[in-house]
Amino acid sequence: MDRGTERGAPSQRAAGDGPAAAGRIPLAVVVVDRDGLVSHWSRGAGRLFGTAREEAVGRPVVDLLPVSGALPEDDESAPYGAYAAYDGLGPDLESSLDGRLFYPAAGRARLTAADSDRIDVLWWAYPLVGPGAERLLVLAADAGALRPEDTGADAGAGDGAAVERIAPGFALHTDFPGAEDLARRLPEILPSMSVGESARIVAQVLELGYPVLEFSQNDRVPVTPDWGVPRRAERKARQERAAAAALSGEPLQQDAEDEGEDLEYAAVRERLEFLNEVSGRIGTSLDLSRTIVEVSRAVVPRFTDVAGTYLREQVVAGEGFPDGVPDTTTMWHRVAVEHTDEPGRWDDVVPVGEAMPFPAHTPFFQCMTTGDPVLVPRISEQMGHMIAAQFEKRDIRPLITGRSMLVVPLKARNVVLGFMILLRHPERVEFNDMDRVTGAELAARAGLVLDNARMYTYQESVAETLQDSMLPHIAPRMSGCDIATRYLPGTLLGRVGGDWFDSVKLPGSRTALVVGDVMGHGLNSAAMMGQLRTAVQTMAALDLPPAQLLRNLDDLAQRLGEHYLATCLYAIYDPIASELEIANAGHIPPVLVRAEDGRSDLLDLPTGAPIGVGGVPFESVRVRVAPGDRLVMCTDGLVEVRGEDIGVGLATLCESAAHPAASMDDACDTIIRALNTCGGRKDDVALLMARFNGIEPEDVAEWRIGHDPREAGRARAAVREQLHTWGLGSVADTAELLVSELVTNAVRHSHSRPIALRLVRGETLLCEVDDDDHTLPTLLSAGRLDEFGRGMRVVSTLAREWGTSRTGSGKTVWFELTLPFR
């Protein structure tokens with residue numbers, strides 16, 4: 001209908017009229033509710049079918065659109081040949097109207113109108129999914145409007161096939177409730193149309209004033225009637241015309257045979273376009289689960305009605321798998337099931353997430369071992385029973401028997417990653433050899449996308465494993481303090497970085513707290529971080545002062561020669577002295593939150609140079625702390641935002657650190673949320689928070705012991721008395737024995753300085769013996785007649801934990817005993 005046509009004009013053309021100008025004719029719009037009743041009947045439907053809207057709304061749709069069946073192939077009255085649905089989608093309109101089809105269908109039918117003869121119509125039926133009452137959208141157009149004017153006896157009935165495609169457009173202002181919502185869903189109803197194309201059609205419809213049918217060479221819809229297949233009678237007439245033309249020497253104009261070849265070419269081209277569309281819809285991310293869903297949804301309903309995707313167990317887990325073809329022991333995970341059946345029909349029988357092997361006699365095993373598609377035109381009852389035998393206590397036969405099946409492998413680099421089981425409804429045309437080729441190409445493209453996602457998932461898993469192996473698992477309770485940590489990998493620069501934190505148990509109930517950051521990202525930075533972290537732990541065990549430890553760490557970085565720089569904060573907390581000694585190597589300063597008034601401040605520390613610069617001195621600072629005070633140490637990824645002054649982030653850190661929290665974990669989460677590190681973060685974040693609890697003086701007992709061997713007896717007596725005073729008599733015997741062993745060794749090997757014995761009551765009972773001998777005791781394998789070598793073996797057997805460390809003046813040997821519940 002051209003722009004000059006008056007709205008409301010009848011769709012039937014007057015005698016002598018040509019084809020609809022500009023390739024447009026009116027379009028009837030009918031909406032059917034879930035009870036099969038007409039809920040909308042457009043003015044175009046009234047004109048086409050001869051029933052007014054007032055009479056149609058509320059009536060059963062099958063009464064208004066009685067289908068007398070598709071025209072038979074040998075019906076000479078048919079102007080355009082056979083009326084099979086395009087690509088076999090749907091046997092007739094009636095199957096869509098009564099709800100037997102759950103996928104878009106299209107075709108051509110002869111309908112009996114109220115006041116006229118049978119009408120030849122093109123129709124489309126789109127099932128509507130959603131919470132509303134509408135079930136089906138039916139679009140219809142007068143096929144007669146497509147018929148060209150007869151120009152003589154030689155004008156073949158099949159000439160109408162010169163129009164390659166038609167695409168239905170839907171008006172935004174079509175007058176029924178919910179029309180605007182339905183118009184917004186146009187790209188969903190016609191999924192192969194882009195948003196831009198659908199907007200163009202809507203704009204055109206608004207200009208014309210009513211829904212139209214547009215001739216098009218490019219637009220594609222999920223289903224389109226096939227109106228160009230010539231009949232046998234037409235083929236015979238064409239052959240006769242060709243023979244007559246040959247005898248007369250007259251040129252023969254392009255006829256239906258050429259048009260049939262054009263249609264064949266168009267079918268091939270459409271398949272290629274379908275593959276291109278699918279390629280554009282999958283692989284939009286490297287997330288494996290999202291890619292799986294994209295692959296499954298790309299083929300339903302246009303190519304198939306059911307798509308089940310299976311992947312190797314190792315692919316789902318992000319792991320590698322052995323070389324060679326799969327066998328009957330290979331486990332396959334069902335990762336997606338898409339279908340056009342009624343909701344929930346497949347969920348209980350074939351749930352997503354189930355893993356199973358496949359026997360050798362199944363078409364699935366044949367597909368995954370040969371790597372080639374397997375086509376089953378129709379699943380017989382015998383094959384349905386064979387397949388169903390694998391599903392214990394579930395009868396899958398009603399879902400698969402009678403359907404056409406195509407199994408296509410998902411492979412990349414000649415390795416089968418999985419396969420897809422594609423099923424078509426019994427009413428739909430069977431898969432054919434062209435479908436087999438299309439499915440194989442589809443699976444090949446999907447396999448590459450899945451393999452990319454798999455490799456990304458695998459590499460991400462390796463990176464996470466590496467990062468986790470390098471970061472320590474810190475106990476939440478240390479002697480005299482509680483600790484909470486957080487590590488957040490960078491979201492844009494990979495999941496492996498050079499940030500780390502640590503805590504190390506030191507002699508004297510002290511704890512070393514460390515936070516560091518190797519500049520840069522990736523595996524090299526992570527490897528350097530691992531080396532530095534190990535070095536810090538080793539040097540911390542030597543009980544080096546913070547400044548000296550950083551000095552040694554800087555020397556080590558110079559010797560490694562990796563040309564990496566790192567910042568580091570190293571602090572030692574002494575809960576007995578209530579003191580914090582801390583040194584800085586180019587790191588952002590920590591925050592100290594005072595329990596007394598809730599005030600939080602950045603500690604004023606000598607900045608120092610980063611580790612690896614070389615030749616720069618480091619200084620330590622001692623800070624008095626009180627029980628309840630908290631120390632917050634972090635890397636710059638927490639407070640640094642590109643384009644902003646770091647001072648803004650540090651101020652926010654101080655403010656959020658002072659916020660009251662029910663627990664240490666809650667306090668860490670408060671800081672993370674305040675600095676918005678969960679979104680748009682480009683750098684790694686390491687956060688360590690320590691709450692200082694201190695150790696009360698009444699929980700510490702100390703003695704000085706001389707070098708007389710009889711001092712061991714005095715030490716045993718003192719320890720026993722102190723433990724009874726503390727109410728720990730149940731561990732007195734064990735503690736007395738172990739103290740005797742340590743003191744005896746100290747008396748035997750020390751030189752001039754008095755021996756120090758200390759007991760600390762905390763979460764455990766800690767005993768430390770300090771002397772001026774630098775030789776560390778070791779476990780020996782003592783023989784039956786040996787006089788020495790059994791003492792440390794006894795300590796190792798009876799103590800909860802024990803250890804030794806060198807000090808500036810000698811060594812410390814210590815052990816811990818588990819205390820009874822108090």
Side-chain angles (χ1 to χ4, degrees), residues 282 286-300 304 306-339 341 344-371 373-374 376 379 383-400 403 405-413 415-423 443 446-447 449-462 464-465:
I282 63 178
L286 290 175
D287 181 79
L288 183 60
S289 58
R290 179 176 174 181
T291 301
I292 290 169
V293 173
E294 289 176 346
V295 169
S296 301
R297 291 180 177 175
V299 296
V300 178
T304 186
V306 181
T309 306
Y310 291 76
L311 293 180
R312 276 192 178 187
E313 185 176 30
Q314 296 90 340
V315 175
V316 177
E319 303 171 351
F321 44 80
D323 296 334
V325 298
D327 54 32
T328 55
T329 64
T330 303
M331 297 297 292
W332 301 87
H333 278 253
R334 188 182 305 110
V335 294
V337 176
E338 291 290 331
H339 61 86
D341 289 354
R345 187 181 183 192
W346 289 79
D347 298 345
D348 296 333
V349 182
V350 285
V352 172
E354 183 179 34
M356 61 195 310
F358 287 93
H361 59 271
T362 60
F364 319 118
F365 184 85
Q366 177 185 348
C367 172
M368 64 192 180
T369 54
T370 63
V374 176
V376 179
I379 299 178
M383 178 174 287
H385 180 76
M386 177 186 65
I387 296 175
Q390 299 171 237
F391 296 82
E392 298 180 0
K393 301 180 181 179
R394 289 172 287 170
D395 189 4
I396 196 177
R397 288 175 297 178
L399 293 176
I400 62 175
R403 299 200 182 198
M405 180 172 69
L406 179 63
V407 186
V408 293
L410 299 169
K411 59 183 181 180
R413 297 189 294 273
V415 176
V416 176
L417 308 176
F419 57 90
M420 294 184 71
I421 302 175
L422 309 177
L423 299 171
V449 171
L450 286 171
D451 192 49
N452 288 338
R454 178 187 72 88
M455 291 299 297
Y456 177 79
T457 302
Y458 176 71
Q459 292 173 4
E460 190 176 54
S461 176
V462 170
E464 289 180 354
T465 301

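Below, each value reflects all heavy atoms present in this structure, side chains not excepted, and no hydrogens, waters or symmetry copies.
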Inset, instruction - Would you indicate whether the side-chain heavy atoms of V407 and M405 approach each other to under 4.5 Å? - result: yes

Legend entry - Residue pairs passing the salt bridge (Lys or Arg N to Asp or Glu O under 4.0 Å) test where at least one lies in residues 356-368, sequence neighbours excluded: none

Legend entry - Working for side chain to side chain contact (heavy atoms under 4.5 Å, CB included), residues V299 and M420: CA-CA 11 Å; V299 296; M420 294 184 71; 4.2 Å; yes

Legend entry - Test item: E354 and H333 side chains (from C-beta on) under 4.5 Å apart, heavy atoms: no

Legend entry - Close side-chain approach of M356 and R334, heavy atoms under 4.5 Å: yes

Legend entry - SB check R403 D341 (cutoff 4.0 Å): yes

Inset, instruction - For residues T362 and P359, report the shortest heavy-atom separation together with the two atoms involved. - result: OG1-O, 2.8 Å

Legend entry - T304: partners by side-chain hydrogen bond (donor to acceptor under 3.5 Å, both in side chains), with sequence neighbours left out: none

Legend entry - Heavy-atom pair with the smallest gap, counting every atom of V337 and V350: CG2-O, 4.0 Å

Legend entry - Distance (rounded to the nearest 0.5 Å) between I396 CD1 and H385 NE2: 13.5 Å

Legend entry - Residues forming a side-chain hydrogen bond (donor to acceptor under 3.5 Å, both in side chains) with W332, sequence neighbours excluded: none

Legend entry - Partners meeting side-chain hydrogen bond (donor to acceptor under 3.5 Å, both in side chains) with D327 (sequence neighbours left out): T329, T330

Inset, instruction - Mind checking the OG1-CD spacing from T309 to E338? Nearest 0.5 Å is all I need. - result: 8.5 Å

Legend entry - Minimal non-hydrogen separation, R397 against G384, with atom names: CG-O, 3.5 Å

Inset, instruction - Please identify each residue that fulfils ring-ring contact (aromatic ring centres under 6.0 Å, His included) with F364, with sequence neighbours left out. - result: F358

Inset, instruction - Answer yes or no: is there a side-chain heavy-atom contact under 4.5 Å between P373 and P409? - result: yes

Legend entry - Spatial distance of atom CD1 (I400) from atom CE (M383) [nearest 0.5 Å]: 9.0 Å

Legend entry - NE2 on H361 to CD1 on I387, rounded to 0.5 Å: 9.0 Å

Inset, instruction - Not counting sequence neighbours, which residues clear side-chain hydrogen bond (donor to acceptor under 3.5 Å, both in side chains) with Q366? List them please. - result: none

Legend entry - Check: Y310 and V335 side chains under 4.5 Å, non-hydrogen atoms: no

Inset, instruction - Side-chain contact test, heavy atoms from C-beta onward, threshold under 4.5 Å: evaluate it for L417 versus D451 and give yes or no. - result: yes

Legend entry - Inter-residue atom distance L410.CG - L311.CG, 0.5 Å rounding: 6.5 Å

Legend entry - Approximate separation, where rounding is to 0.5 Å, of L406 CG and I421 CD1: 10.5 Å

Inset, instruction - Determine whether T328 and P357 make a side-chain contact, defined as any pair of heavy atoms from C-beta on separated by less than 4.5 Å. - result: no

Legend entry - Backbone of G418 reached by a side-chain donor or acceptor of K411 within 3.5 Å: no

